[in-house]
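Below is one structure, written out as structure tokens; the observations come after it.
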Amino acid sequence: MTEMNLRLKIGQRLVTGLPGTELNDEFVDLVKEYKISNVILFDRNVESSSQLKKLCADIQKLVKEQTGHFAFISIDQEGGVVTRMPKDLYSMPGSMALAATGKPENAYTAGLITAKELRSLGINFNLAPVLDVNTNKNNPVIGVRSYGSTPDVVIKYGLEMIRGLTDGGVLCSAKHFPGHGDTDVDSHLDLPCVNKPMEDLERVEFYPFKAAIDAGIPSIMSTHILFPAIEKQKLPATMSRTIITDLLKGRLGFKGLVISDCLEMQAIQKFYGTANGAVAAAKAGIDLILISHTPSLVREAVAAIEKAIENGEISQKEMDESVEKILSYKATYADKKEEKLNCEEYRATVEKLIQESITLVNSPNGTIADLGEKPLFVGSISNRATVASSDVDKSLCFPKYMAEKFKCSYIQSAIDPDDNEIKEILGKTKGFSCIVFGTYNGNRNKGQVKLANALINTGMPTIVVSLRDPYDLGHIDKKASMLAAYEYSPRSFDAVANVLSGRKKATGRITVSL
């Protein structure tokens with residue numbers, strides 16, 4: 001540590017983003033002047049595999065020249081609804097879809113392939129998997145990003161994903177400690193609170209993280225949530241030494257890297273300020289501090305941390321220990337050789353996993369309703385339920401896609417249809433042999449549920465397909481056949497079509513309580 005000045009040390013502990021598909025002057029200045037040594041990539045940075053590979057190489061070259069060490073280049077590649085991979089590669093299904101297959105080995109395969117694809121691009125740090133236990137049906141931000149609503153399911157599949165990512169040669173990070181599964185507030189937008197007693201937190205929220213720690217997880221991400229049973233002051237986990245150092249590192253015995261969720265999320269920025277949050281995170285014991293979007297906030301954070309170290313508010317000893325730990329992990333992961341890909345094999349694997357995830361949730365007559373000769377498909381386009389999700393393709397429409405596939409009629413509804421629209425749609429459904437209705441976040445857009453139940457109560461054979469959270473189906477009249485798919489995508493639609501046509505059976509299993 002003696003050869004590193006304070007600015008170099010702080011730069012090792014910060015992670016930031018850049019606005020486009022190539023290096024820009026402001027990012028270059030952050031690296032040159034502030035020695036920022038780590039990057040997070042988003043959709044805005046991804047155009048194609050060749051472009052992204054060049055960007056990662058340019059980042060590594062710049063950071064190595066300016067700091068003497070390699071960069072962590074990180075990304076949220078969970079699969080499913082949180083996918084940052086270039087379109088010419090094959091993103092794996094999301095967590096709940098993998099668990100729905102009933103085969104933990106599928107999570108391992110997904111992790112292994114994901115790691116190999118990331119390494120082929122020059123990305124060495126995947127901010128996945130999600131180990132939150134999604135016990136709140138109204139959770140707007142986790143949902144299908146979780147493996148299920150019980151700790152055992154999350155552990156069974158999460159540990160296999162960790163093993164696959166690790167065997168594939170990338171650093172991975174379990175998130176969001178101590179747990180984001182029992183909230184109905186998105187920490188990107190506000191400050192959630194999980195007001196549960198310690199014994200419940202230990203039994204549910206902590207359990208998967210402890211299992212991951214025992215299995216050797218190299219990194220854990222903190223969450224911006226209040227846990228009054230642990231931290232008596234009004235401090236979210238990211239800013240709490242009681243939670244990060246005493247609980248996670250002390251009681252649970254975690255020795256790896258702790259990375260914060262983004263400090264520009266409103267849970268921090270709105271209530272505490274990003275720079276203040278960065279100082280508090282460092283004091284709490286966070287190793288890598290994530291400020292994803294705004295260069296001015298990065299500069300403010302560096303200045304605030306420098307001042308806090310100079311006045312003794314942040315321990316110089318802990319600063320050095322954290323930097324040494326970061327450099328140790330970089331020596332293992334940051335300069336891995338690129339992986340060669342077998343993309344045709346990966347494509348076939350993705351199709352297989354998606355097909356195995358399709359779940360028959362309800363069949364009133366012991367089998368799924370028959371489409372007949374004149375089916376009608378109904379539903380809306382998708383919408384972005386949380387900024388954590390990838391951008392949605394607003395040109396993709398489930399009923400239109402399926403109608404083209406089955407050469408039949410369709411009706412596109414609003415995302416949250418009102419009574420007038422429901423009445424209008426009902427007037428257009430006479431003479432069809434079967435109605436297939438696709439929901440997307442119907443659990444929060446109640447007009448979808450109302451329309452689905454109105455269609456069912458016409459007496460016509462009806463199939464309802466949830467195209468994200470299966471919780472939608474808990475509000476649907478049991479007279480309908482119900483299928484759970486887990487993402488709004490052409491590959492998921494194709495898998496549903498295989499079931500509707502009888503070419504495949506729905507062999508998936510539900511992993512949450514509806």
Side-chain angles (χ1 to χ4, degrees), residues 11-17 36-42 45 52-53 55-57 59-60 63-64 67 69-79 82-85 91-92 95 107-108 110-131 158-177 208-209 211-223 244 248-249 254-262 285-290 292 321-339:
Q12 283 296 330
R13 294 186 66 177
L14 290 175
V15 186
T16 194
I36 305 304
S37 300
N38 310 289
V39 173
I40 181 169
L41 300 171
F42 292 94
N45 307 122
L52 187 53
K53 186 173 180 178
L55 176 61
C56 290
I59 291 168
Q60 286 292 12
V63 170
K64 187 79 188 317
T67 72
H69 298 279
F70 289 105
F72 277 141
I73 301 179
S74 62
I75 197 166
D76 291 290
Q77 184 56 35
E78 298 171 16
V82 180
T83 289
R84 316 286 193 232
M85 202 81 83
S91 293
M92 294 295 115
S95 300
Y108 174 83
L112 185 67
I113 291 175
T114 297
K116 289 181 176 182
E117 289 190 309
L118 292 177
R119 277 180 50 205
S120 77
L121 299 167
I123 297 167
N124 50 42
F125 196 168
N126 191 18
L127 302 176
V130 169
L131 292 190
L159 294 194
E160 286 301 301
M161 173 63 74
I162 291 165
R163 197 166 66 87
L165 289 167
T166 303
D167 286 354
V170 300
L171 187 67
C172 63
S173 188
K175 59 190 186 186
H176 309 80
F177 183 83
F209 291 100
I213 291 167
D214 292 343
I217 183 75
S219 174
I220 289 177
M221 176 181 280
S222 67
T223 189
I244 301 303
L248 178 58
K249 296 182 177 182
F254 181 57
K255 305 300 182 188
L257 290 171
V258 186
I259 183 170
S260 75
D261 212 339
C262 179
I286 300 286
D287 298 299
L288 290 165
I289 298 165
L290 189 57
S292 304
E321 289 172 349
S322 184
V323 172
E324 285 177 354
K325 191 196 311 183
I326 290 165
L327 294 179
S328 173
Y329 277 97
K330 284 188 174 182
T332 303
Y333 290 98
D335 193 29
K336 286 272 188 181
K337 290 183 179 178
E338 291 174 5
E339 181 74 26

S292 side-chain N/O to G17 backbone N/O, donor-acceptor pair under 3.5 Å: no

Heavy-atom pair with the smallest gap, counting every atom of F254 and I220: CZ-N, 3.8 Å

Expected output: side-chain R13 to main-chain L288 donor-acceptor under 3.5 Å: no

Check: Y333 and T166 side chains under 4.5 Å, non-hydrogen atoms: yes

Passing candidate, side chain to side chain donor-acceptor pair (under 3.5 Å) with Q12, options E324, K325, K330: K330

Minimum heavy-atom distance I36-V63, with the two atoms named: O-CG2, 4.1 Å

Polar side-chain atom of T83 near backbone of M85 as donor-acceptor pair, under 3.5 Å: no

Heavy-atom donor-acceptor pair, Q60 side chain to A71 backbone, under 3.5 Å: yes

N124 side-chain N/O to F72 backbone N/O, donor-acceptor pair under 3.5 Å: no

Between D261 and T223: side-chain donor-acceptor atoms closer than 3.5 Å: no

Validation row: M161, M92 side chains within 4.5 angstrom (heavy atoms): no

Short side-chain to backbone donor-acceptor contact, T16 and L290, under 3.5 Å: no

Closest non-hydrogen atom pair between L165 and A128, with its separation: CD1-O, 3.8 Å

Flag, side chain of S219 to backbone of L257, donor-acceptor distance under 3.5 Å: yes

Point-to-point distance, once rounded to the nearest 0.5 Å, from OH of Y108 to CD1 of I162: 13.5 Å

